[in-house]
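Here's the structure we're looking at; comments come further down.
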There are 2 protein chains.
Amino acid sequence: METLGIGALAQRAGVRIDTVRYYERSGLLAPKTRLQSGYRRYGSAELARLRFIRRAQTLGFSLKEIRELLTLSKGRDVARVKRAAQAKLADVEQRIAALQRMRDGLATLVAACPGHGEPTDCPILRALGGEGPELPDLAPAAARRPADH
Amino acid sequence: METLGIGALAQRAGVRIDTVRYYERSGLLAPKTRLQSGYRRYGSAELARLRFIRRAQTLGFSLKEIRELLTLSKGRDVARVKRAAQAKLADVEQRIAALQRMRDGLATLVAACPGHGEPTDCPILRALGGEGPELPDLAPAAARRPADH
DNA sequence: CTTGACCCTGGACCGTGCTCCCGGATATAG
DNA sequence: CTATATCCGGGAGCACGGTCCAGGGTCAAG
């Protein structure tokens with residue numbers, strides 16, 4: 001079976017060589033074997049694992065979380081893996097909701113700004129400047145406390 | 001009018017004093033005035049601004065982006081300000097779309113995982129793990145010993 | 001055997017966003 | 001006036017996720 005050097009592995013996964021070594025230092029990815037010379041040799045399992053790491057990253061997992069995920073898989077505890085993914089899902093959904101509130105605030109501001117005239121007539125400036133009457137609030141409701149002001 | 005010291009400001013915004021000074025160093029938040037002694041004094045506008053910074057951060061904006069957002073309020077060109085706000089709006093919408101893709105990927109995975117059984121039956125590990133016929137050994141790097149030759 | 005591409009380790013460095021500590025000055029309550 | 005809480009500037013340190021040398025050693029083709 002064909003094995004890959006670190007450069008070929010990195011290239012196939014779309015990462016830099018240093019990143020592969022960094023992941024190894026971080027306990028995420030070990031070479032299948034080493035040559036007598038010390039050269040790392042990787043197989044398809046390692047390539048798959050590296051791609052897993054990258055995909056998990058794009059799904060919002062930190063390297064630490066990915067390491068936990070990979071460790072869980074070794075423990076064959078599917079339930080825990082699923083719970084970790086569910087927790088991340090809930091987290092992502094919260095962030096989406098918060099961003100949607102921000103988007104609505106920005107959209108309202110943009111719609112209310114004439115795009116010309118005096119700065120005092122621009123609700124964007126007034127809202128960001130923190131002065132004057134509060135126009136559409138860029139803050140999500142979740143960030144407001146009863147004890148405010 | 002009541003002004004706040006740096007400690008009171010920080011406490012009301014839920015940040016550390018050092019963070020306030022860090023934001024000042026970063027060009028994000030200047031005190032309204034200073035006492036002759038050099039003590040910073042803040043008003044409600046600064047508190048609002050600090051809270052805005054924090055909220056924007058929780059929405060995934062970097063301090064650099066927040067600085068750009070806030071710099072809008074210093075401009076006098078209303079048209080330019082509006083365009084910048086529109087660009088931010090488009091950015092927020094892109095973030096939302098990216099997070100939604102993340103969510104969809106996670107949701108699909110979570111839904112398809114039985115939550116029990118063999119790791120080979122867990123799509124979170126298998127589908128993301130690559131297209132290999134078998135689940136690669138996901139053992140952490142530190143646990144693996146070359147051991148051969 | 002030589003050449004050039006590749007790989008090795010170890011460590012420095014980067015940007016981001018804080019957080020802490022220091023020695024000294026200042027504010028404020030009793 | 002004193003005690004003590006707060007503040008000052010400057011600088012160090014930290015965690016993350018890399019990225020980039022330096023000063024070698026190794027591999028494969030010609």
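So that the names make sense, note that chain A is the first sequence line, chain B the second, and so on, each numbered from 1.
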Measure from CZ on A/Arg25 to C1' on C/dG11 and round the result to the nearest Å.
-> 9 Å
What is the distance from CD1 of B/Ile6 to C1' of C/dC20, rounded to the nearest Å?
-> 14 Å
Whole-Å distance, A/Leu4 CG to C/dC6 P, equals 14 Å
Outermost contacting nts on DNA chain D, any atom under 4.0 Å from chain A heavy atoms, listed 5' then 3', are D/dG17 to D/dC27
Picking from C/dT16, C/dC21, C/dC18, which would you name as closest to the side chain of B/Gln57?
-> C/dC18
Centre of B/Phe61's six-membered ring, under 6.0 Å away, within 45 degrees of the axis: is that where NZ or CZ of B/Arg55 sits?
-> no
Grab the CG-P distance between B/Leu63 and C/dG17 for me, whole Å please.
-> 4 Å
May I ask you to decide whether B/Asp18 forms a salt bridge with B/Arg21, counting only side-chain N to carboxylate O separations under 4.0 Å?
-> yes
Using a 4.5 Å cut-off on heavy atoms from C-beta on, say whether the side chain of A/Thr3 contacts that of A/Tyr42.
-> no
Under 4.0 Å between any heavy atoms, over every strand shown, what does B/Arg54 touch: base, sugar-phosphate, or nothing? Just pick one.
-> sugar-phosphate
Can you check side-chain hydrogen bond (donor to acceptor under 3.5 Å, both in side chains) on A/Tyr23 and A/Arg54, steps first, answer last?
-> CA-CA 11 Å; A/Tyr23 288 168; A/Arg54 289 262 118 183; 2.7 Å; yes
Atom CZ of A/Arg41: over 12 foreign heavy atoms under 6.0 Å = yes
Report the distance from atom CZ of B/Arg40 to atom P of C/dA25, rounded to the nearest whole Å.
-> 17 Å
Using a heavy-atom cut-off of under 4.0 Å over every strand shown, decide if B/Arg41 touches base, sugar-phosphate, or nothing.
-> nothing
Pick base, sugar-phosphate or nothing for A/Ser62, based on heavy-atom distances below 4.0 Å to the nucleic acid.
-> sugar-phosphate
Can you tell me the distance, in whole Å, between the CZ atom of A/Arg21 and the C1' atom of C/dT9?
-> 8 Å
According to a strict under-4.0 Å criterion, is B/Ser26 in side-chain N/O contact with OP1 or OP2 of C/dG17?
-> no
Between CG of A/Asp18 and P of C/dC13 the distance, given in whole Å, is 16 Å
With DNA chain D as reference, determine whether A/Ser37 or A/Tyr22 sits nearer its 5' end, using the nearest nucleotide of each.
-> A/Tyr22
Across the strands shown, which category fits A/Arg16 at heavy-atom distances under 4.0 angstrom: base, sugar-phosphate, nothing?
-> sugar-phosphate
Among C/dC8, C/dC18, C/dC20, the one nearest any side-chain atom of A/Tyr39 is C/dC8
Which pair of heavy atoms, one from B/Ile66 and one from B/Ile53, lies closest together, and at what distance?
-> CD1-O, 3.5 Å
Could you tell me whether A/Glu2 and A/Lys32 have a side-chain N and a carboxylate O separated by less than 4.0 Å?
-> no
Whole-Å distance, B/Phe61 CZ to C/dT16 P, equals 16 Å
